[in-house]
Amino acid sequence: MGNSEYILEMRNIRKTFGELVANDNVNLKVRKGTVHSIIGENGAGKSTLMNILTDIHKADSGDILLNGEKVHFKNSLDAARRGIGMIYQEFMLYRDLSVFDNIILGFEKKKWGFIIDRKACRKEIERICSEYSFNIPLDAIVKDLSVAMLQQVEIVKVLYRGADIIIMDEPTSVLTPQGIQGLFRAIRNLVGMGKTIIFISHKLKEVLEISDYITIMNHGRVVAEVLPNEVDEAKLASLMVGRDVILQANKVEPKIGDVLLSVKGLTVKDKDEIVRVKNVDFEIHSGEILGIAGVAGSGQQWIVEALFGLRRPEHGSQIIFDGKDITYVSPREHRLDGIGYVPQDRMGSGVNAKSSLWENSIMGYHIAHGFKNKYLVDTKQANEFTDEIVEQFDVRRQANKDKVAALSGGNIQKMVVGREFLQRNKLLIIEDPTRGIDVGAIEFIWQKIIDLAQEGVAVLLISHELNEVMQLSDTIKVIYNGQLYDGGRHGELTEEEIGLIMLGGNADAK
Amino acid sequence: MPNNEKRKLFNFFPKKLSADLEKKDKRNILIFKYTTSLILFVVAGALLVWMQDESPIEAVKGIWKGSFGSLTAFGNTLRWAAPSILTGAAAIVAFKAGVNNLGIEGQVAIGGFVAGILGVFFEFPPVVHILFILICATLSGLLWSVIPAILRLFFKVDEFITTMMMNYVANYLTQYLVQQVLAGGLDNWGYVNMASTPTINGSAYLPDFIPDTTATLAVPVAFLISFAIAFLYRYTVEGYELKQVGENLKFAKAGGVKVVQQYLIIFLLSGAIAGLCGGIEVLGTYHKFNNGFAANMGWEGISIARIAELNPVGLIFVGFIWGVLKAGSMQMERMVGVNRLTVQIVEYMFVLFISIDYEGIYMRHKDRKNKKAYLESHKEASNNA
Amino acid sequence: MLKEILRLAFSVSTFASTFRLACPLLFGSMGGCYNSASGCANLSYEAVMLYSCFFSVLGSYISGSPWVGLLFGMGIGIFISIIFGTMSLVFHSNMIIAAIALNSTAWAVTTLLMVIIFGVRGTVYNERIVSFKPVHFKWMENLGIFNKIFNDNVILVYIAFCLVIIAYIVMYHTPFGLRIRGIGQNEKAAQTAGVDVNKYRWISLILMGAFTGISGTFLTLSGISMFVENMPAGKGFLTMISITIGRFNPLLIFLICLLFGYSQALVLVLGTLSLPTQIIAMIPYVAVIIVLFIDGLKKFKGVADIEV
């Protein structure tokens with residue numbers, strides 16, 4: 001019935017959250033058997049649109065047409081039955097269940113009316129795995145698997161549910177260049193088998209590589225629809241942001257001083273006694289930016305935790321900062337010594353969303369700098385410091401007593417970065433400073449990092465964005481499986497070469 | 001991570017639908033919350049009284065007479081308000097910092113028991129004796145909370161269960177010590193009372209706050225403690241750190257707060273206040289330790305803290321109302337044939353009503369209104385076109 | 001003396017009463033494990049149990065049949081859990097507070113009803129209240145100790161044991177159990193899998209009410225045929241605790257319930273020796289704390305690694 005050129009059509013979708021208009025009369029048309037990308041900055045409304053499609057959110061108004069037929073989903077089960085499957089950015093998995101249980105949950109085959117027919121389910125999953133050539137351990141517990149594996153689990157899960165349209169929300173953000181190629185192979189394979197992929201991303205290069213059609217969103221609206229051969233990265237970026245942006249750090253010649261931090265034989269175990277960091281050595285000089293690249297979960301988290309005193313390293317490890325052994329001291333003393341820390345987990349370790357802006361701003365500051373009276377909080381001083389952050393780091397807020405939860409992700413990140421940067425620290429440990437924030441804010445934070453290094457601050461930059469490490473760092477290290485490999489000086493190695501080390505393909509490069 | 005998610009359910013901070021509430025919204029929510037709860041409260045109370053074939057108005061008169069009718073009555077009110085405020089304070093300290101201390105009852109019992117023993121077996125000059133006993137009671141409440149605190153901190157055992165277990169242990173332990181070791185005490189009529197310790201020495205009696213009433217110095221102490229907590233959280237660095245530890249421990253840790261120490265302080269402070277409450281109750285009111293006198297005091301404290309929205313100053317107000325209802329209910333039972341349990345039922349119904357997430361309801365309602373308005377304006381616009 | 005204690009502690013009658021005393025906990029925890037597994041911090045077992053104690057007595061009193069009492073008990077259990085559900089799932093009130101309010105009213109309401117309906121305080125005893133009769137199995141007679149322990153119990157005891165197996169199958173081999181566990185671990189994921197989270201929460205809550213209702217009925221109508229003020233006296237909390245310690249696994253919960261039952265049985269039999277029963281009564285609680293401590297010992301990694 002109707003026009004079946006489009007497998008999916010969304011018409012005039014509008015969705016508001018309170019005062020915020022997340023989708024404003026959005027139209028989207030997707031052809032069968034294609035890869036259709038939707039790109040836009042964070043908060044442009046991509047995810048909301050997809051959540052409406054999968055019926056996690058209800059649209060305020062607008063229609064959804066499948067194969068030219070108007071549909072009304074009663075719940076997300078309904079959407080799934082109609083063949084819409086979504087792979088979320090944060091995987092929708094149950095940590096303590098097996099991969100098998102994760103896949104079948106919600107779509108169990110039954111025998112005798114009420115017992116799960118595990119045999120039939122397993123057969124079906126194995127069929128899918130061989131048909132699309134996936135290889136996943138069905139009986140493993142999810143929490144033991146790597147991220148790339150979890151993504152495969154997610155794809156198999158969606159296929160098991162019989163999806164024809166597969167939505168992938170930022171699927172590449174956790175993968176290595178090689179992992180991304182693997183994913184793209186899988187995508188092409190799926191499309192070849194007649195599936196339709198909706199690919200959501202803000203990485204332009206990938207979008208250009210994989211897509212058949214590209215829809216660009218900005219501020220809840222569709223601003224353009226283009227074909228990949230019509231545009232280039234710069235054009236896409238300007239469409240996305242509404243102005244011309246080139247993501248290029250203004251790298252200047254570093255002024256490298258004495259050794260500030262030296263780490264020798266650092267070994268860290270996690271709480272299950274598994275060795276996560278093995279015998280890592282490195283040195284950072286003042287004024288130097290040392291970048292550590294690596295696939296997520298290679299041990300970055302444990303290095304940082306050990307460096308900042310959040311986790312106890314094993315015996316034999318030695319961390320010397322400014323001539324002082326800080327291997328086993330608490331975060332409090334790190335603060336007092338002049339070490340700042342921008343955590344990756346922004347809403348967890350970075351801020352307390354339930355508290356006000358000023359309360360968040362003085363965390364750490366109240367230890368390293370203190371107030372006039374040792375025991376009382378000086379509201380005036382706290383507000384002054386908050387204002388300083390707000391002004392210098394362009395945090396958009398109404399009042400200092402606003403709850404942090406009311407700020408946008410980018411503003412929160414600027415606040416966190418500002419808090420650590422303005423405390424006149426000697427060493428900054430920065431983890432994923434630009435994760436999930438928009439292009440404008442990335443440029444801004446990059447510039448600030450470079451400025452700080454110019455002032456003689458040593459910076460340890462740990463990022464999952466290879467590009468970020470390559471753009472900013474004076475010295476590049478690559479972490480793979482808990483061990484540190486040399487990634488050369490700034491601009492010495494190409495992206496592909498470092499990518500290979502990230503995967504352990506070049507272990508002799510050490 | 002799943003543990004983390006589970007903990008969210010015990011969270012005392014209501015879910016925010018929309019974080020940026022306007023001032024007007026906040027006021028509206030407050031009005032909405034308390035009027036709805038009060039109306040439901042009054043209706044439920046009237047219904048219950050009416051079901052017992054009595055006039056609700058007479059019942060209210062009874063309560064008024066029992067709580068404000070005379071100086072003695074008012075003293076009674078204050079007497080009942082004091083332990084409510086103290087247990088409420090213990091609950092506020094713990095829950096504000098995210099510690100689910102369900103063991104207030106046990107800590108009160110232990111504090112009371114220690115006070116009872118020290119009151120009998122020691123004889124000091126009055127003031128010294130009282131201070132000595134209260135300090136010991138406080139310390140014993142504190143020590144009683146050390147076990148769950150350590151288990152929580154170092155061994156990741158949920159305090160939610162251990163504190164409750166410690167209640168049972170406290171209950172049986174004091175019972176054992178009173179019955180089997182002390183073999184009971186003499187009651188006021190000279191009979192052996194297996195369920196309580198002997199009456200404490202006169203030097204340990206807590207002096208009256210209002211002469212010739214049951215209101216003892218417990219009242220000002222309770223007030224002082226609530227104010228102290230309010231001050232702690234509002235103006236001090238210590239309070240700031242405690243608050244951050246409670247609301248987001250990872251954040252506080254990364255910020256350099258000594259989380260272990262602070263977490264322990266929260267636990268111990270809560271236990272200490274509860275222990276003090278037990279000591280004060282024994283010295284001020286019962287003058288001996290009765291088995292099970294602390295029953296339900298913990299739950300009551302948590303409820304009161306909740307009604308006061310974990311605000312120490314609000315706590316005084318709510319605790320006072322609690323005192324009014326308690327003192328009044330006995331008079332009411334005597335005056336009108338309404339069972340005083342009615343008051344307890346109604347009290348906790350109020351707790352139930354007030355625990356509803358009014359903010360969520362209000363925001364959803366507002367959201368719906370906005371959407372409707374948009375759709376209508378949209379329709380008009382398209383009609384005009 | 002010690003010999004005497006040991007003889008009593010391992011006597012047949014102690015084991016027999018262990019199973020009887022574990023039953024009230026078993027019903028509640030087998031019905032309630034789903035509710036806990038779905039991530040619901042439900043403390044209202046005590047209230048549900050107390051109400052059902054009273055109403056089962058009332059049902060038996062009115063009709064003269066324990067089965068009607070059972071129906072009444074389950075009915076009120078479901079009703080109370082629906083109130084709890086309305087508060088926590090519809091109005092999103094804080095679960096702990098809602099449960100505390102329910103628990104605290106339960107005592108007052110049942111006592112008040114006792115005064116209004118039976119005109120007494122303290123204990124309701126009436127010959128019109130009929131208990132379940134013990135069932136005698138002929139085939140068990142020549143099984144020796146087994147016979148002494150298991151034969152001649154009320155039908156509910158046997159049902160309780162069957163329930164453990166059923167609960168286990170439901171938890172680990174049916175879509176319902178799988179989904180419930182999924183909801184408890186990641187509610188959002190369950191939602192995206194098309195699971196109606198609220199529906200499952202409600203079902204689990206009603207199961208909890210119904211089965212905790214049976215617990216209450218068991219307390220009153222398994223032989224003593226009377227109602228005492230605040231009758232469960234903490235058994236509701238114990239039920240909840242055994243679920244939590246058993247990590248929602250019905251078999252583990254079963255063992256924990258037996259532990260509690262055994263210690264209560266010890267209190268009964270050793271009480272006759274004029275031993276300090278309070279200390280014995282304390283044992284299971286201390287034991288639980290010690291078990292939790294040993295369990296936690298694995299996770300101990302020094303002071304620096306505190307992750308609360």
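Here is how names work: the chains are called A, B, and so on, in the same order as the sequence lines, proteins then strands, and each is numbered from 1.
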Do you know which of B/L102, B/V169, B/T162, B/N171 has the most heavy-atom pairs under 4.5 Å to chain C?
B/V169
Any side-chain to backbone donor/acceptor pair from B/T197 onto B/F289? Under 3.5 Å, distance only.
yes
So what's closer than 4.5 Å to chain B heavy atoms on C/V109: side chain, backbone, both or neither?
both
I want to check something: taking the side chain as every heavy atom from C-beta on, are B/L40 and B/M349 in contact at a cut-off of under 4.5 Å?
no
Main-chain N/O of C/G28 paired to C/S215 side chain as donor or acceptor, under 3.5 Å:
yes
Ignoring hydrogens and angles, tell me if any N or O in the side chain of C/N94 forms a donor-acceptor pair with the backbone of B/S355 under 3.5 Å.
no
Quick check: do B/W144 and B/L173 have side-chain heavy atoms less than 4.5 Å from each other?
yes
Among B/W299, B/F353, B/Y168, which has the most heavy-atom pairs under 4.5 Å with chain C?
B/Y168
Under 4.5 Å to a heavy atom of chain C? For B/I161 that would be side chain
Considering only heavy atoms and a distance below 4.5 Å, find which of B/V351, B/N296, B/L341 pairs most often with chain C.
B/L341
Between C/I245, C/I116, C/T105, which has the largest tally of heavy atom pairs under 4.5 Å with chain B?
C/T105
Considering only heavy atoms and a distance below 4.5 Å, find which of C/F237, C/F293, C/F91, C/Y285 pairs most often with chain B.
C/Y285
Residue part contacting chain B, namely of C/I283, when any heavy atom lies under 4.5 Å
neither
Checking heavy atoms, do the side chain of B/L151, its backbone, both or neither come under 4.5 Å from chain C?
side chain
Is the shortest heavy-atom distance from the side chain of C/N35 to the side chain of C/W202 under 4.5 Å?
no
Give the ring-plane orientation class for C/Y51 versus C/F55, where under 30° counts as parallel, over 60° as perpendicular and anything between as tilted.
tilted
Are C/W107 and B/Q344 packed together at the side-chain level, in the sense that at least one heavy-atom pair is separated by less than 4.5 angstrom?
yes
Side chain, backbone, both or neither: which part of C/M87 has a non-hydrogen atom closer than 4.5 Å to chain B?
side chain
Counting only non-hydrogen atoms closer than 4.5 Å, does B/I354 touch chain C with its backbone (N, CA, C, O), its side chain (CB onward), both, or neither?
neither
